[in-house]
Protein chains: 2
Amino acid sequence: MDAWTEVLQDTGMDPRLGRDTSNCSIARTLEVVGEKWTILILREVWYGSSRFSDFERVLGCPRNLLATRLRMLVEEGILATETYKEPGARSRPKYVITPKGMDLVPAVMGLLQWGDRYRADPEGPAVVARHRECGAHVDVQLRCESGHPVQAKDIESVPGPAFRMRSAG
Amino acid sequence: MDAWTEVLQDTGMDPRLGRDTSNCSIARTLEVVGEKWTILILREVWYGSSRFSDFERVLGCPRNLLATRLRMLVEEGILATETYKEPGARSRPKYVITPKGMDLVPAVMGLLQWGDRYRADPEGPAVVARHRECGAHVDVQLRCESGHPVQAKDIESVPGPAFRMRSAG
DNA sequence: CGTCTGAGTATCTAAAAGTAAACTCAAGTG
DNA sequence: CACTTGAGTTTACTTTTAGATACTCAGACG
């Protein structure tokens, strides 16, 4: 009997299929970064872009969507606005990443890593991430609390504290 | 002078903004898993669902989209079909994850982890990942090749072997 | 005071997603 | 041999996103 079957063994219902899926951190994260362009905007921020025109130019994304996405990322606290001033021009806003935005790096590095492995350009990656201190390549890894590297196949998902079943209907 | 500025110092053009973005592993991964429902389907596979009706029921996703997404995931080699047979019923297809699909776990765990941190249900997560062997909680971490834990802010992105500028136009 | 520029809005069209229900198909059952 | 079931497909309609262009707005400059 697995961890799921233990949960509600009294009902005949499989808890995986009858569970309430409204409390899901994956779905909630996707509400914030799951729209088209959002993750690519963050990519450009990490690569060094900060101005509206930078994003527009390098992404080729429609201006109205860009404005909407940037506004949302600021509202969510993933980006913040500062001002910059080119000599002879007036002050204009620019976008910088916040610590909350930095915490999305592992997720996006995960996407990057998968693409590097399975859909790479024959010449290799166009951009690589490296550790500022030692210059070594950086990647994402699964680790358990005790610090051991873990392979995806050795992970099991189990009901957490907020697990609940869907109400009948 | 940073690693970007070194690349094409002869032109006055900022290589971040003039670069060719068509070779991007993040964008390519999003082509496969960036559509609505796709990542949520994978979530359900990890939680133990495998049948068409399982996904339909637990996700509440339209059948036509579900069929389209499943077909694409199989074409991409992220899921594979096997057959199952309930007693007294004929054989039917089910969907199982492949090693290539397993390699998406770090990316999705990254999303999960961010959601757990910033958009958590007050009661906590509904589902948690744990190491099958030791039972400890599993998370994703950034590490450099030398094995040291790395913080997102200590990473820099630098041009890789396939870096190139957009052709003028 | 007219012009230029970066940072947006506004508006309109096109594509994709959501919703709902009917239809197909093949094997197993009464 | 009609009936059921899981796994889809097809069709029809609505709503939501995406994309392309045109327009606005606030200084700085001449």
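In what follows, every chain begins at residue 1, and chains take the letters A, B, ... in the order their sequences are listed.
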Participant: Strictly below 4.0 Å: does A/Arg92 bring a side-chain N or O up to OP1 or OP2 of D/dA26?
Facilitator: no
Participant: At 4.0 Å (heavy atoms only), tell me whether A/Tyr95 reaches a base, stays on the sugar-phosphate, or touches nothing.
Facilitator: sugar-phosphate
Participant: Under 4.0 Å between a side-chain N or O of A/Trp37 and OP1 or OP2 of D/dT17?
Facilitator: no
Participant: Check B/Pro159 against B/Trp4 and note the closest heavy-atom contact, atom names and distance.
Facilitator: CG-CE3, 3.7 Å
Participant: Any donor-acceptor pair under 3.5 Å between the side chain of A/Arg90 and the base of D/dA28?
Facilitator: no
Participant: Using atom CZ of B/Phe52 as one end and atom P of D/dT5 as the other, report the distance to the nearest whole Å.
Facilitator: 17 Å
Participant: Could you check whether the side chain of A/Arg63 and the base of D/dT21 have a donor-acceptor pair of N or O atoms closer than 3.5 Å, going by distance alone?
Facilitator: no
Participant: Nearest whole angstrom, please: distance from the P of D/dA26 to the CD of A/Glu86.
Facilitator: 21 Å
Participant: B/Arg57 near the nucleic acid: base, sugar-phosphate alone, or nothing, with a heavy-atom cut-off under 4.0 Å?
Facilitator: nothing
Participant: Would you mind telling me which residue lines up with the more 5' stretch of DNA chain D, A/Cys61 or A/Ala89, judged by nearest nucleotide?
Facilitator: A/Cys61
Participant: Report yes if a side-chain nitrogen or oxygen of B/Ser53 is closer than 4.0 Å to either non-bridging phosphate oxygen (OP1 or OP2) of D/dG6; otherwise report no.
Facilitator: no
Participant: Are B/Tyr95 and B/Glu44 side-chain neighbours, meaning at least one heavy-atom pair lies under 4.5 Å?
Facilitator: no
Participant: Here's one to test your reading of the geometry: is the NZ or CZ of B/Arg19 within 45 degrees of the ring axis of B/Phe163 and under 6.0 Å from its centre?
Facilitator: no
Participant: Within the structure provided, determine whether A/Arg119 and B/Glu76 are in side-chain contact (heavy-atom separation under 4.5 Å).
Facilitator: yes
Participant: Side chains of B/Arg164 and B/Asn23: any donor to acceptor distance under 3.5 Å?
Facilitator: no
Participant: Can you tell me the distance, in whole Å, between the NZ atom of B/Lys94 and the P atom of D/dA7?
Facilitator: 12 Å
Participant: Given the structure, check if the side chain of B/Asn64 and the base of D/dT10 hold any donor-acceptor pair shorter than 3.5 Å.
Facilitator: no
Participant: Output the rounded distance in Å from CD (B/Glu35) to C1' (C/dA15).
Facilitator: 12 Å
Participant: Nearest nucleotide by nearest heavy atom, which residue falls closer to the 5' end of DNA chain C, A/Lys36 or A/Arg51?
Facilitator: A/Arg51
Participant: Atom CG of B/Leu59 and atom C1' of C/dT19: how far apart are they, to the nearest Å?
Facilitator: 16 Å
Participant: If you look at every strand shown and take non-hydrogen atoms under 4.0 Å, does A/Phe55 touch a base, only sugar-phosphate, or nothing?
Facilitator: nothing
Participant: Measure the distance from OH on A/Tyr84 to P on C/dT5 and round it to the nearest whole Å.
Facilitator: 13 Å
Participant: Please state how far atom CG in B/Leu65 lies from atom P in C/dA15, giving the value in whole angstrom units.
Facilitator: 18 Å
Participant: Between D/dG6, D/dG8, C/dG6, which nucleotide has the shortest distance from any of its atoms to the side chain of B/Pro93?
Facilitator: D/dG8
Participant: Could you give the CG-to-P distance, from A/Asp54 to C/dG6, as a whole number of Å?
Facilitator: 11 Å
